[in-house]
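Here the structure comes first, spelled out in structure tokens, and everything after it is commentary.
For clarity, every value in this text was computed on a predicted model and none was experimentally measured.
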Amino acid sequence: MEIKVRKLFCLSFKGVPTSLKILCDNVSGAFVLSESLNRLISLVRTKVDETLLNTMIRFYDPLLHCFTYRDFHLVPTLEEFSSILGLPVLDQMPYTGEEEIPKLEDVAAALHLPRSEIRKAWVNKVEYTGFPIDFLYGQAEILINAVSMDALEKVLAFLIYGQVLFPRYDKIVDVIAIKIFISNNPVPTLLGDLLHSIHHRSSKGKGCVLGCAPLLHKWFISHLPRSIIKNEEGGTWVQRIMRISYDYIVWNQKEFEGTHLFDSCGDFPNVPLLYTTGKKKLFIRAWSMVKKVDTRALGLRNYIPSDLYFRWIYDRVVEYGMPYPSDIPVVSRVTHPVIPLVLEPYVPAPNEDLAATIASLRREKANLEKRLRKVEAEKAMLVADAKDQDGMLDYFSRKWKIEDFVSLDQIQSWELEIDRLVQERNEMIKMHKEEIRSLKRKRRLED
């Protein structure tokens, strides 16, 4: 079947300021820095290939909220971003936007700077609140000359938060970056910002992706095989990525073996991300009910997905199309079935040593039973995968109602509150009209 080709678009990405690159090079060349700061500096030094990122993002699937390729899906996870940054996802509520503006003494303590300096530099305007970039660069130079390493690392990390991880303004590190910096739990917000911005910009077909482009670049490159990155054949990113199949992608399962993975949040079967229109409060509540699962409790893994998974992707590709024409036919992939062994009945030869034959047959029987148990275990895993995919298909095809997310008691309380507000409004209008009539009567009497 010929796969339709979707309309292309081109997005831009927030670059890393040259001044920050120079500062990081100077500091890392002169001092021994902590591992956490070196991880952040590696993002500053990452050379972002916008052609690669645009090629990747054009595979974004707005229905499934992931990147759908010819026979596999990709989407960044909390665990992967946490591994790249070397920062854990803390067992606390991530940034929601509901937090109060931090006190200046708390900001001073986080940056290891005098409170008097913080107060003088603090900017509080209608458009933005935060610190001027020039003030932070000036403080960094002072700390370099004074060899004050604790404060220097904090200020440099804070600059990276404001200009690389959460870039919103060119000349200001705003209060959002400050709140996340103090919380020391940036990973959920980084993932949420990127996926939300990619979803929004892809639907518009234009604009700048707001989020940490170097982090997105590092994540995608980590899944590409070395042959694709080296590109000895000299192909374009489009040609290389269009030819990649499930078998060639680098899957990082081993990196997370023996760890706890995010499984669900509240009633959501995966980890909900913030800033989705109309669902912010629901997602905030879900984040307070995070469930993790130990990878050891999941049992043996089957690294080859079931035919149901490949069929699901193929049906989605047929329905939604691909961003580029393919020189390789896109067909529904089928895994190779297990061919059962056909055993012929054994007839002993004349004068054969029956005892040796019986021992050999017993060993062969034990080997066959062992292979049978292995096949049955693989079959059980395939059945479990099929059930999971059925559940996923049911989840995405379900017609959601507000009752799925909010209890009837909550809906009734909202309705009562609406009725109360309407009644209060009518009473205010009535009182207002009565007051106007009273003023008119008073004025007539005065005249």
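- Residues Asp315 and Arg311 are paired through a salt bridge, judged by an N-O separation under 4.0 Å between the basic side chain and the carboxylate.
- Counting non-hydrogen atoms of other residues, nucleotides and ligands closer than 6.0 Å to OH of Tyr248 gives a total of 12 or fewer.
- In this structure, Phe283 has its ring center closer than 6.0 angstrom to the ring center of Phe268.
- The environment of Glu233 atom CD is sparse: at most 12 non-hydrogen atoms of other residues, nucleotides or ligands sit within 6.0 angstrom.
- Using cut-offs of 30° and 60° for the angle between ring planes, the Trp312 and Tyr309 rings count as perpendicular.
- At a threshold of 4.5 Å between non-hydrogen side-chain atoms, the residues Tyr169 and Ile133 do not count as touching.
- By the 4.5 Å heavy-atom criterion applied to side chains, Leu194 and Phe81 are counted as neighbours.
- Closest approach of Phe310 to Asp71, counting heavy atoms only: CE2-O, 3.4 Å.
- In this structure, NE2 in His112 is found 12.5 Å from CE in Met149, a value given to the nearest 0.5 Å.
- In this structure, Tyr69 and Ile244 have side chains that are not in contact, with every pair of non-hydrogen atoms separated by 4.5 Å or more.
- Within the 4.5 Å cutoff, no side-chain heavy atoms of Arg201 are placed close to those of Ile57.
- Taking 4.0 Å as the cut-off between side-chain N and carboxylate O, Arg420 and Glu424 count as a salt-bridged pair.
- Atom CZ of Arg39 is separated from atom CD1 of Ile84 by 9.5 Å, given to the nearest 0.5 angstrom.
- For Lys179, the NZ atom is densely surrounded, since the number of other residues' heavy atoms within 6.0 Å is greater than 12.
- Ring-plane geometry between His65 and His199 is classed as parallel, the angle between the planes falling under 30 degrees on a 0 to 90 degree scale with a further cut at 60.
- In this structure, Ile241 and Phe59 approach most closely via the heavy-atom pair CG2-CE1, 3.8 Å.
- Looking only at side-chain heavy atoms (C-beta outward), Asn54 and Phe13 come within less than 4.5 Å of each other.
- Minimum interatomic distance between Ala121 and Pro132 (heavy atoms only, all atoms of both residues): O-CD, 3.2 Å.
- With respect to the salt-bridge test (charged N to carboxylate O, under 4.0 angstrom), the residues Lys230 and Glu232 qualify.
- The closest side-chain heavy-atom distance from Arg70 to Ile328 is below 4.5 Å.
- Between Leu53 and Leu11 the shortest side-chain heavy-atom distance does not fall below 4.5 Å.
- There is a side-chain donor-acceptor pair under 3.5 Å between Tyr137 and Ser19.
- Trp219 contributes atom CH2, which lies 14.5 Å from atom CG of Leu85 (distance to the nearest 0.5 angstrom).
- Crowding of Lys171 atom NZ: a count of heavy atoms from other residues, nucleotides or ligands under 6.0 Å not exceeding 12.
- The side-chain heavy atoms of Lys14 and Ser197, taken from C-beta on, include no pair separated by under 4.5 Å.
- Atom CZ of residue Phe158 and atom CD1 of residue Ile180 lie 10.5 Å apart, to the nearest 0.5 angstrom.
- In summary, Arg316 and Glu319 engage in a salt bridge, as defined by a charged side-chain N under 4.0 Å from a carboxylate O.
- Separation of atoms OG (Ser82) and CG (Leu191) is listed at 11.0 Å; rounding is to 0.5 Å.
- At most 12 heavy atoms of other shown residues, nucleotides or ligands fall within 6.0 angstrom of atom CD in Glu435.
- Distance check, rounded to the nearest 0.5 Å: CH2 of Trp237 to OG1 of Thr51 gives 10.0 Å.
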